Amino acid sequence: MKNLILAFVAALALLTACAQQPQVGEQEVRYGRVTRIDPVQIDSDDQLGLGAIIGAVAGGVIGHQFGAGSGRDVATVAGVLAGGVVGEKAQTRIQKQAGQHVIVTLNNGVAVGITQPADPGLKVGDAVRIDGSGNKARVIRM
């Protein structure tokens, strides 16, 4: 049982370490106007949720049923790790949230599309700024 607890703690620490850290430093900021907003469903942005924890526990229990001695310990750790990953993926797939795909025409005339969590205060015609870039870009009303 002690090995199972140690394996669970190790898996939990590993999964927590995989969570993204906030970006520090300089970011590009662009300005423009919202020209279109389409509602979409996006994956939950939970980094480490109940799905990972339940999956890790279940995987550890199942893995502990196999082998004997150090083989059992290896199977338990493998079960914890695999269960945590599968549980987190299942939770992300099940847990959707309201989002929006926002088209912004920048001040230089270029149009960009950003998919982000829903912002009910954002309307077509609003003057906005775009903070960040890539999947971290967000449209902020000015």
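Side chains included, hydrogens not; waters and symmetry mates left out as well; all remaining heavy atoms used. Owing to the predicted nature of the structure, the values given are computational and were not obtained by experimental measurement.
Residues L122 and V112 share a single hydrophobic cluster, defined by chaining ILVMFWY side chains whose heavy atoms lie under 4.5 Å apart. A continuous path of Ile, Leu, Val, Met, Phe, Trp and Tyr side chains, each step under 4.5 Å between heavy atoms, connects V128 with L106, placing both in one hydrophobic cluster. In the hydrophobic cluster analysis, where Ile, Leu, Val, Met, Phe, Trp and Tyr join through side-chain heavy atoms closer than 4.5 angstrom, V104 is grouped together with V110.
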Report task. Tell me, with the steps shown, if R36 and T105 meet side-chain contact (heavy atoms from CB on, under 4.5 Å). Result -> CA-CA 9 Å; R36 182 175 175 159; T105 300; over 6 Å; no
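Atom CD of Q100 sits about 6.0 Å away from atom CG of D119, to the nearest 0.5 Å. Distance check: I114 CD1 to I140 CD1 gives 10.0 Å after rounding to the nearest 0.5 Å. Rounding to the nearest 0.5 Å places CG of D131 at 9.5 Å from CZ of R30.
Closest heavy-atom contact between Q116 and V139: OE1-N, 2.7 Å. Taking every heavy atom of both residues into account, I130 and A137 meet most closely at CG2-CB, 4.1 Å. Here the closest non-hydrogen pair linking G32 and N107 is CA-OD1, 3.5 Å. Nearest heavy atom pair, residue H101 against residue T115, reads ND1-OG1, 2.7 Å.
A salt bridge links R141 with D126: the distance from a Lys NZ or Arg NE/NH1/NH2 to an Asp or Glu carboxylate oxygen falls below 4.0 Å.
Residues V124 and T35 have side chains not in contact (no heavy-atom distance under 4.5 Å, counting atoms from C-beta outward).
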